[in-house]
K.L.:
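Attaching a single structure in structure tokens format; questions to follow.
Position 1 is the first residue of the sequence, and the numbers go up from there. Hydrogens, waters and symmetry mates are skipped; everything else that's a heavy atom, side chains included, is used.
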Amino acid sequence: MTDVIERTRATPPRRRRWQDVAMGSAPAVVGDDDSSGLAGFRRNVWWGLAGTVACVLGFAVGDWVLDPDVPAGLRALTGLSTAATIVACGVLLGRRIRNEAPSTGWLVTACCVTAVAAAVPLALGNFGIWSIAPAATLSVLVMFLPARRAWAALGAALVVLPAVGLVTALSTGEPDVGHAVWMPALMVLAFGPAMLGMLRGWQVAAHLDDARQLAGQLAVADERLRFAADLHDIQGHHLQVIALKSELAARLAEADPAQAAEQMREVQQLAGDALRETRALVQGYRRTTLDAEIANASKVLTAAGVEVRTDVDAELAAALPEAPRSLLGLVVREATTNLLRHSRATRATIVLVPEGAGARLVLDNDGARAAEPNETAEPNDSARAGDGTGLVSLAERLDTIGGHLSWCGDGDRFVVTATVAG
């Protein structure tokens with residue numbers, strides 16, 4: 001487990017990470033968004049944020065830009081600066097969603113075009129739309145600040161923008177001074193909390209996905225530690241006894257050759273026992289039961305954020321012969337490991353039902369990846385033959401006892417089915 005944590009810390013990020021400032025904490029280790037299923041959600045968040053800015057600015061300023069009573073040159077200037085504001089905000093939002101540092105060039109561009117988009121309507125006395133561009137751009141920029149500073153900046157804008165509207169209205173003799181004050185405040189209140197809230201939702205989802213991936217890694221590491229402990233128990237005991245008996249045989253070799261030979265025969269027997277037990281451990285026969293594997297799989301998958309449903313006939317599991325029961329337990333273990341390491345499943349089902357005189361085990365999840373061209377239907381590289389526990393090897397071992405193992409993908413579903421005779 002410590003090895004997994006250290007390798008996680010040492011793994012370089014796929015891209016430069018910007019401080020997760022809006023949540024006030026350092027970012028978690030985020031893997032490949034495409035593999036974790038976050039890429040689509042990230043695009044949706046970007047479209048929601050950028051679309052809000054584009055729609056509000058477009059509809060609000062569009063009518064004014066098309067007004068023939070406004071000079072054509074000023075209309076063109078306002079339209080171009082508003083469009084540039086939308087583009088700059090969209091680029092900055094994309095960098096923020098990807099946890100990248102803001103580009104200085106785009107920051108300067110956003111500020112300049114926003115100033116123009118606000119100054120022209122304000123100078124012409126349109127107190128209804130001038131504050132929309134500054135409020136939208138400010139709400140985007142504060143996303144790159146720590147949480148407290150972001151809210152402080154929005155609070156300052158809640159004072160500054162209405163003050164600008166008030167001063168301008170008084171200096172131009174605008175009779176509706178209240179409109180010049182409350183409209184900028186409303187724009188800040190409408191844009192700021194909504195956009196920071198959507199960003200917060202994205203960050204929570206990313207952190208939850210990090211926790212899910214870490215839980216899967218820790219589950220695999222825990223299984224490796226269990227295997228290492230079992231291997232140590234077997235090898236440590238036998239090797240210690242072998243060492244002692246070999247030392248005794250060496251001392252007796254000249255004084256009592258017959259006794260020395262007896263000790264070496266016991267050493268040979270101990271070595272054979274150690275080899276058999278080690279093979280049994282690697283093949284999964286030692287302490288591998290179907291009930292325990294199903295319970296462990298359900299617990300581990302639930303801890304990793306996967307919704308698990310089990311439909312297991314307990315009496316059937318207990319009534320199966322030892323060899324089929326152990327092999328089905330290995331199938332559950334292998335399928336669970338594959339799901340944790342190679343899929344992005346959110347739901348899984350484990351079903352054990354009678355089939356004839358035997359049993360049928362079905363493991364179903366919704367996290368299958370699309371196969372590459374010319375790729376086989378194997379779920380991952382652990383299915384290869386020859387490692388003793390992959391799905392291909394398990395299929396061969398089930399064939400020897402009259403059983404069958406198959407797996408297939410259908411869209412985002414992946415199903416592993418094993419049958420054994422009674």
K.L.:
For S139 versus M195, what's the shortest heavy-atom pair and its separation?
P.N.:
CB-SD, 3.7 Å

K.L.:
Verify, without hydrogens or angle tests, whether D410 (side chain) and R413 (backbone) share a donor-acceptor contact under 3.5 angstrom.
P.N.:
no

K.L.:
CZ of R75 to CG of D69: how many Å apart, nearest 0.5 Å?
P.N.:
9.0 Å

K.L.:
Given side chains that start at C-beta, do those of N126 and W64 come closer than 4.5 Å, heavy atoms only?
P.N.:
yes

K.L.:
When you look at W407 and T417, which way does the side chain to side chain contact (heavy atoms under 4.5 Å, CB included) test go after all the steps?
P.N.:
CA-CA 6 Å; W407 54 91; T417 305; over 6 Å; no

K.L.:
So T349 and D311, side-chain hydrogen bond (donor to acceptor under 3.5 Å, both in side chains) or not? Walk me through it.
P.N.:
CA-CA 8 Å; T349 303; D311 182 8; over 6 Å; no

K.L.:
Look only at the side chain of R95 and the backbone of E100, and say whether a donor-acceptor pair between them is shorter than 3.5 Å.
P.N.:
no

K.L.:
Identify the residue among L405, L394, V416 that makes a side-chain contact (heavy atoms from CB on, under 4.5 Å) with E334.
P.N.:
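Of the listed residues L405, L394, V416, the side-chain contact (heavy atoms from CB on, under 4.5 Å) partner of E334 is L394.
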
K.L.:
Determine whether a donor-acceptor pair (N or O, by modelled atom type, separation under 3.5 Å) exists between the side chain of W46 and the backbone of G90.
P.N.:
yes

K.L.:
Checking S298 side chain against A295 main chain: does a donor-acceptor pair fall under 3.5 Å?
P.N.:
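No, the answer is negative, given that no donor and acceptor are paired below the 3.5 Å cut-off.
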
K.L.:
Would you say W130 and L124 make side-chain contact, with heavy atoms under 4.5 Å?
P.N.:
no

K.L.:
Between the main-chain N or O of T78 and the side-chain N or O of S81, is there a donor-acceptor pair closer than 3.5 Å?
P.N.:
yes

K.L.:
Considering all heavy atoms of both residues, which atom of L145 and which atom of A153 are nearest to each other, and what is their separation?
P.N.:
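Minimum heavy-atom contact is CD1-CB, 4.3 Å.
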
K.L.:
After noting the C-alpha distance and the side-chain angles of L363 and V415, does the key distance pass the side chain to side chain contact (heavy atoms under 4.5 Å, CB included) rule?
P.N.:
CA-CA 6 Å; L363 299 101; V415 182; over 6 Å; no

K.L.:
Evaluate the side-chain proximity of F414 to N338: yes if any heavy-atom separation is below 4.5 Å, no if none is.
P.N.:
no

K.L.:
Of the non-hydrogen atoms in A180 and A169, which two are nearest, and what is the gap between them?
P.N.:
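Closest heavy-atom pair between A180 and A169: CB-CB, 3.7 Å.
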
K.L.:
Taking the side chain as everything from C-beta on, heavy atoms only, tell me whether L398 gets closer than 4.5 Å to H404.
P.N.:
no

K.L.:
Give, for atom CG of L352 and atom CG of D313, the distance between the pair rounded to the nearest 0.5 Å.
P.N.:
6.5 Å

K.L.:
What distance do L49 atom CG and C89 atom SG have between them, rounded to the nearest 0.5 Å?
P.N.:
10.5 Å

K.L.:
Rounded to the nearest 0.5 Å, what separates atom CZ in F191 from atom OG1 in T137?
P.N.:
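OG1 of T137 is found 8.5 Å from CZ of F191.
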
K.L.:
Does R325 reach the main-chain N or O of L290 with its side chain, forming a donor-acceptor pair under 3.5 Å?
P.N.:
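Pair absent, no side-chain N/O of R325 close to backbone of L290.
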
K.L.:
Can you name the closest pair of heavy atoms from P134 and A118 and give their distance?
P.N.:
CG-CB, 3.5 Å

K.L.:
Using the test side-chain hydrogen bond (donor to acceptor under 3.5 Å, both in side chains), find all partners of R347 that sit at least two apart in sequence or belong to another chain.
P.N.:
none

K.L.:
Hey, could you give me the CZ/CD1 distance between R333 and I294, rounded to the nearest 0.5 Å?
P.N.:
13.0 Å

K.L.:
Would you please test L327 and V331 for side chain to side chain contact (heavy atoms under 4.5 Å, CB included) and show each step?
P.N.:
CA-CA 6 Å; L327 283 176; V331 171; 5.6 Å; no

K.L.:
Test your reading of the model: is there a side-chain donor-acceptor pair from T114 to the backbone of C111, 3.5 Å cut-off?
P.N.:
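Checked: no pair found.
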
K.L.:
Hey, mind stepping through V87 and W106 against side chain to side chain contact (heavy atoms under 4.5 Å, CB included) and telling me if it holds?
P.N.:
CA-CA 10 Å; V87 172; W106 281 109; 4.1 Å; yes

K.L.:
Measuring only between side-chain heavy atoms, which start at C-beta, is I97 closer than 4.5 Å to W202?
P.N.:
yes

K.L.:
If you look at every heavy atom in P354 and L316, which pair is closest and at what distance?
P.N.:
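Where P354 meets L316 most closely, the heavy atoms are N-CD2, 3.4 Å.
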
K.L.:
I want to check something: taking the side chain as every heavy atom from C-beta on, are T336 and V332 in contact at a cut-off of under 4.5 Å?
P.N.:
yes

K.L.:
So how far is it from R96 CZ to L141 CG, rounded to the nearest 0.5 Å?
P.N.:
12.5 Å

K.L.:
Can you tell if the side chain of W151 reaches within under 4.5 Å of the side chain of P193, non-hydrogen atoms only?
P.N.:
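Result yes, sub-4.5 Å side-chain heavy-atom pair found.
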
K.L.:
Of the non-hydrogen atoms in F41 and G201, which two are nearest, and what is the gap between them?
P.N.:
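That closest heavy-atom pairing would be CE2-O, 4.2 Å.
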
K.L.:
Would you indicate whether the side-chain heavy atoms of L361 and I350 approach each other to under 4.5 Å?
P.N.:
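SC-SC contact between I350 and L361 confirmed.
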
